[in-house]
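This one's a predicted model, so the numbers in the text were calculated from it and none came from an experiment.
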Amino acid sequence: MEENEGKPPQGEEAGAEAWQRLSAYSYLSAPERLDYIAVMRVFCGTLLADLSVPDLLAKVAERGGPGAGLDAETLTRRLEELVRWGNLLRSTHTVKATSIAEYQRSRSRYQLSKLGERVQRDADEVLAGADAAREVSTELLALVDRGLREIAAVAAAPGGADPQQALERISTLFVQFAEFADSVRDFYAYLGQVLARYDLDSAEYQGFKELLLDYVEAITEDVSFRAPRIAAHLDAVWPHLPALLARIDEHSAGIGALADGLPETRVQRSRGRDLADWEGLRAWFTASGGRISQVEQLRDATLRALQSLLANAKRMLRSASGEMSRRKDLLRLAAWFDAAEPEEAHDLAVAAFGLYGARHLGVAPDPDRTVPAYVSWWTGPVVDVPVALRERGSRAPRGRAAAAEDHSEQKRRLTEQARQQAEARQAAADELRSASGRFEQVRLGAPAMQLLLELLTTALGNAQFHQDARDFLLDGAQADDADLGIRLTAWRTPGRSTVLRSVDGDLTADDLTVSVESMSAPTAGEVSA
């Protein structure tokens with residue numbers, strides 16, 4: 001069996017581990033984030049202490065703040081979520097209780113995890129001064145220069161350096177450098193945030209101008225002066241570095257011995273004990289591997305800051321000449337909006353920005369294309385707006401009116417078509433009157449049969465049905481067409497069927513009698529079929 005059989009791929013393991021670590025930040029974005037932060041601050045204020053729910057309730061109430069109103073049940077839910085995210089661990093300490101009630105209150109104890117402590121510490125630092133301008137510790141750069149010179153001297157001395165003294169100087173050196181590098185990053189991040197603003201007034205601009213011209217220039221000059229000397233000291237100590245670090249490890253292995261005895265345990269050594277730390281220090285001051293050094297990036301950042309300052313200066317000069325900048329007017333308008341009632345705010349918006357209601361042009365859509373109401377305007381068909389309405393907002397035509405179109409031929413054609421249809425219906429009516437009483441013997445034409453079915457449908461729709469002792473009767477089954485002067489009457493005759501023949505087919509009406517007469521003829525002259 002292979003060694004890695006049954007294990008997930010290395011990439012999946014790394015992704016799962018990263019996901020677990022990032023889950024430790026979940027409580028900072030939860031809706032109850034203030035309660036979680038209050039609980040985590042209690043744990044971060046202790047060392048190797050496991051706390052139960054009653055202990056936490058007392059400490060949170062003593063501190064005050066958002067979590068002071070938590071009850072035991074709610075606090076327990078918060079603690080279980082923190083355990084699930086990896087910020088807390090369940091304590092394995094034995095519980096000593098004098099009663100069952102005390103055991104139930106104290107059996108669930110929690111302690112802080114390393115990842116949870118790190119996340120909360122970073123969160124407190126962000127909350128304490130994330131937007132503050134951090135001062136750059138340029139004096140630490142001189143101490144880094146001096147420390148590297150001393151380390152290079154002892155490393156090149158006959159017999160080698162004393163491991164304890166070398167360890168002390170290396171630890172001090174990297175602490176000083178880390179503090180200096182962090183202060184530089186924080187200060188330039190703040191500087192970029194400020195220079196991105198385009199609403200600086202003259203007083204703010206004057207302050208930032210002095211900050212750039214004086215403070216930033218001093219930082220850049222100090223770094224430019226110290227960087228070549230630090231790079232030279234690093235070049236001098238680099239050949240002796242592997243032997244020096246090995247000698248220090250032999251003298252004081254520290255917690256690194258755990259890595260040899262427990263391969264599954266990851267050890268984060270103090271800065272300066274590994275060669276990778278020295279490579280990072282060297283990359284800060286000298287270019288390597290096709291990458292520019294941090295010193296060169298610092299110069300580029302300073303140049304961009306000066307360019308941003310110059311852009312703000314040009315903007316303010318144009319503002320002074322009246323070309324732009326309505327900052328004061330907009331601030332005054334914002335104050336009016338803040339003090340206005342909702343109805344007044346709408347009037348202000350209309351007066352200031354011309355935000356009137358939408359104009360409905362009333363252009364009729366294509367009558368041959370029906371668009372459902374649920375179709376979006378973005379994807380629906382486009383309606384062509386006339387040029388006069390689109391450009392001038394007016395429907396009034398301009399120029400000489402066009403000649404009226406002559407529709408006489410179309411009217412003549414429609415009139416002739418209507419006359420032919422009327423003659424055809426009249427002929428069909430005459431055919432029905434002549435065939436009445438002998439429908440079973442005559443084969444009707446298609447127009448006559450269509451007229452007969454039309455009248456029969458109307459008659460049956462007008463009829464009233466009622467039932468006597470033996471059968472049901474059909475009364476009022478009659479239909480008239482005054483234009484044709486024809487009337488159709490139908491009544492029920494049990495046991496008799498009427499057959500209506502035509503060129504399109506035959507229709508048999510069971511238990512029904514149909515008669516057709518002229519409306520001017522007397523009822524007595526009615527002839528039944």
Do the side chains of [X] and [Y] get close enough for a salt bridge, i.e. N-O under 4.0 angstrom?
{"X": "Arg425", "Y": "Asp483", "value": "no"}
{"X": "Asp182", "Y": "Arg185", "value": "yes"}
{"X": "Glu416", "Y": "Arg412", "value": "no"}
{"X": "Arg121", "Y": "Glu117", "value": "yes"}
{"X": "Glu81", "Y": "Arg84", "value": "yes"}

Between atom [atom1] of [X] and atom [atom2] of [Y], what is the distance when rounded to the nearest 0.5 Å?
{"X": "Arg78", "Y": "Leu88", "atom1": "CZ", "atom2": "CG", "answer": "13.5 Å"}
{"X": "Leu89", "Y": "Leu112", "atom1": "CG", "atom2": "CG", "answer": "8.0 Å"}
{"X": "Leu57", "Y": "Leu51", "atom1": "CG", "atom2": "CG", "answer": "11.0 Å"}
{"X": "Asp347", "Y": "Glu341", "atom1": "CG", "atom2": "CD", "answer": "12.0 Å"}
{"X": "Leu115", "Y": "Trp85", "atom1": "CG", "atom2": "CH2", "answer": "13.5 Å"}
{"X": "Asp277", "Y": "Ile170", "atom1": "CG", "atom2": "CD1", "answer": "10.0 Å"}

[X] versus [Y], closest heavy-atom pair with distance:
{"X": "Ile230", "Y": "Leu148", "result": "CG2-CD1, 3.3 Å"}
{"X": "Ser113", "Y": "Gly86", "result": "OG-O, 2.7 Å"}
{"X": "Tyr110", "Y": "Leu79", "result": "CE1-CD1, 3.5 Å"}
{"X": "Ser224", "Y": "Arg299", "result": "OG-NE, 3.6 Å"}
{"X": "Gln176", "Y": "Val144", "result": "OE1-N, 3.9 Å"}
{"X": "Ala345", "Y": "Ala340", "result": "N-CB, 4.0 Å"}

Taking C-beta and beyond as the side chain, do [X] and [Y] meet within less than 4.5 Å on heavy atoms?
{"X": "Leu28", "Y": "Arg33", "answer": "no"}
{"X": "Leu56", "Y": "Phe43", "answer": "yes"}
{"X": "Phe225", "Y": "Leu141", "answer": "no"}
{"X": "Asp122", "Y": "Arg118", "answer": "yes"}
{"X": "Glu80", "Y": "Arg90", "answer": "yes"}
{"X": "Thr458", "Y": "Asn462", "answer": "yes"}
{"X": "Val184", "Y": "Val223", "answer": "no"}
{"X": "Leu143", "Y": "Leu140", "answer": "yes"}

Modelled atom types, side-chain donor and acceptor of Tyr36 and Gln120, under 3.5 Å: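 No pair is found: no donor N or O on one side chain lies under 3.5 Å from an acceptor on the other.
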Under a 3.5 Å cutoff, is there a donor and acceptor pairing between the side chains of Ser52 and Asp55?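 Judged by distance alone, the side chains do pair up.
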Side-chain donor or acceptor of Thr286 paired with backbone N/O of Ala283 under 3.5 Å: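 Answer holds: no.
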Give a yes or no on whether the backbone of Ser408 and the side-chain of Asp406 come within a donor-acceptor separation of less than 3.5 Å. yes
Stepwise side-chain contact (heavy atoms from CB on, under 4.5 Å) test for Asp35 and Thr74: CA-CA 10 Å; Asp35 294 344; Thr74 304; 5.6 Å; no
For Trp284 and Leu234, run side-chain contact (heavy atoms from CB on, under 4.5 Å): C-alpha distance rounded to whole Å, both residues' side-chain angles, the deciding distance at 0.1 Å, then the answer. CA-CA 11 Å; Trp284 212 96; Leu234 285 170; over 6 Å; no
Under 30°, 30 to 60°, or over 60°: which ring-plane class applies to Phe285 and Phe177, parallel, tilted or perpendicular? tilted
Does [atom1] belonging to [X] count more than 12 external heavy atoms closer than 6.0 Å?
{"X": "Gln450", "atom1": "CD", "answer": "no"}
{"X": "Arg146", "atom1": "CZ", "answer": "no"}
{"X": "Glu62", "atom1": "CD", "answer": "no"}
{"X": "Gln420", "atom1": "CD", "answer": "yes"}

